[in-house]
Amino acid sequence: MSDQQSWYDWLMGCSGAAFAASIDAEGWDPLAATPRDPETLARAARAAGIRLDPVAPPFDDELRPFVRARIEEALDEKLPPLVRGIVGPPEFGLIVGCDEAGTTFECRTFFDKGAKPTRVGWDAFRDEDHGMPFFLDRAEPPARELLAREALEGAVAGAGSSRAAQEAWIAALRDDARWSDPRHAGTAAFADHAMRATLHDRRRSAARFLRGLRAVFPDAPGADLIVAAEAYGRAADAIARGGLGPFDGGVATRFLDVGHRRGLANFLETALGQEAAGLAAIADARAHIR
């Protein structure tokens, strides 16, 4: 496994994102299924040895010089600021440069057109979901053992809300009347596909994170951690059977089919059962880790 993958799984596990699930059961907004809440972000930053300093726009003429100076300082420190929704929906990108006049900024996002960074002005910094910068200050991370113990405890503590979110997802897929209007099938199918990919990524990270804890706690009984890792791996496999990969018209068409939607719900239900087994093993493992 690459160092980058190991770091990703470590941050996913320590933040709690690997074990959590969330959903907008009414609006079916796929962004609601991603770990964007401040608490998760703060835990991930703490595990990375970073302190987040978000600054909410818009920025008036008096504040702009201070924000520009903060951006320049961050770039000099090789810690480019995160920025949410600077282009398109409120996904995170990076501010990677600014001009000498301090009126134009270069950003890297998922929505860049071409190889060059996207260039924006102050008008792109509009609100918390559109142009909000998160500055990163270096800090000393806690001991890995402490972070890992907190992650295990958090996985068990947050199990109720995560289960409720997935049960709401399953119930929605089985509500045939909800999807009777084919005009909304494409949007709904895309949201379901994106949420499935997000949940699959989380559970794969959970499995890898749990396996990696054997190195953090070499003197603790390791069987429970392995059992938990395997359970989360099986949960990821069940989610994947619902379909991953690029979204296309075929995915949308299949979502219209009642039988296919029920199959998707069944895969999620199987994953939920595997997660329950994984959580029980995590609780047993935590009881033996000092």
Side-chain angles (χ1 to χ4, degrees), residues 1 5-23 25 33-48 141-171 195-196 198-241 265-290:
M1 185 185 301
Q5 183 66 69
S6 297
W7 261 109
Y8 179 77
D9 296 332
W10 176 251
L11 297 183
M12 287 288 285
C14 290
S15 69
F19 304 101
S22 54
I23 192 171
T34 61
R36 301 172 64 247
D37 60 283
E39 295 79 14
T40 300
L41 293 175
R43 288 192 296 266
R46 178 170 173 259
R144 289 175 67 85
E145 294 82 359
L146 174 61
L147 290 167
R149 285 194 293 269
E150 290 178 349
L152 296 178
E153 292 164 0
V156 175
S161 61
S162 293
R163 184 178 187 86
Q166 292 177 79
E167 287 176 341
W169 187 358
I170 292 167
M195 293 189 297
R196 192 175 307 278
T198 298
L199 187 61
H200 177 258
D201 178 71
R202 290 187 183 210
R203 298 309 183 248
R204 285 179 59 200
S205 279
R208 291 190 294 250
F209 173 76
L210 290 164
R211 289 191 189 97
L213 292 189
R214 291 299 309 279
V216 180
F217 302 113
D219 299 327
D224 290 326
L225 290 174
I226 296 302
V227 169
E230 291 178 347
Y232 274 94
R234 288 192 294 271
D237 290 342
I239 294 163
R241 286 197 290 273
N266 291 341
F267 292 137
L268 290 174
E269 199 163 55
T270 299
L272 201 52
Q274 295 294 343
E275 288 176 35
L279 285 165
I282 287 174
D284 290 341
R286 181 63 189 92
H288 294 97
I289 292 174
R290 298 289 181 261

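Throughout, numbering of the chain's residues begins at 1 and tracks the sequence.
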Can you name the residues that form a side chain to side chain donor-acceptor pair (under 3.5 Å) with [X], not counting sequence neighbours?
{"X": "D224", "result": "none"}
{"X": "E39", "result": "none"}
{"X": "D284", "result": "none"}
{"X": "R144", "result": "none"}

If you take all heavy atoms of [X] and [Y], which pair is closest and at what distance?
{"X": "C14", "Y": "A47", "result": "CB-CB, 3.6 Å"}
{"X": "G233", "Y": "A207", "result": "N-CB, 3.7 Å"}
{"X": "G13", "Y": "A151", "result": "O-CB, 3.4 Å"}
{"X": "L199", "Y": "A21", "result": "CD1-CB, 4.1 Å"}
{"X": "W10", "Y": "L213", "result": "CZ3-CD2, 4.1 Å"}
{"X": "L279", "Y": "A155", "result": "CD2-O, 3.4 Å"}

Can you name the side chain to side chain contact (heavy atoms under 4.5 Å, CB included) partners of [X], sequence neighbours left out?
{"X": "R36", "answer": "L31, T34, R84, P90, D129"}
{"X": "R149", "answer": "E145, L146, F217, R286, I289"}
{"X": "D237", "answer": "R241"}
{"X": "R214", "answer": "L225, I226"}

Working to the nearest 0.5 Å, report the span between [atom1] of [X] and [atom2] of [Y].
{"X": "L268", "Y": "E167", "atom1": "CG", "atom2": "CD", "result": "11.5 Å"}
{"X": "I23", "Y": "S162", "atom1": "CD1", "atom2": "OG", "result": "12.0 Å"}
{"X": "W169", "Y": "R196", "atom1": "CH2", "atom2": "CZ", "result": "5.0 Å"}
{"X": "L11", "Y": "F209", "atom1": "CG", "atom2": "CZ", "result": "10.0 Å"}
{"X": "R43", "Y": "L147", "atom1": "CZ", "atom2": "CG", "result": "11.5 Å"}

Quick one: salt bridge (charged side-chain N to carboxylate O under 4.0 Å, His left out) partners of E150, sequence neighbours excluded? R46
Among residues at least two apart in sequence or on other chains, which ones pass salt bridge (charged side-chain N to carboxylate O under 4.0 Å, His left out) with R202?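 Applying salt bridge (charged side-chain N to carboxylate O under 4.0 Å, His left out) to R202 gives none.
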In terms of ring plane angle, is the pair Y232 and F19 parallel, tilted or perpendicular, where the classes change at 30° and 60°? perpendicular
What pairs meet the side chain to side chain donor-acceptor pair (under 3.5 Å) rule with one or both residues in residues 265-281, with sequence neighbours excluded? Q166-E275, R174-N266, R174-E269, R203-E275, R234-Q274
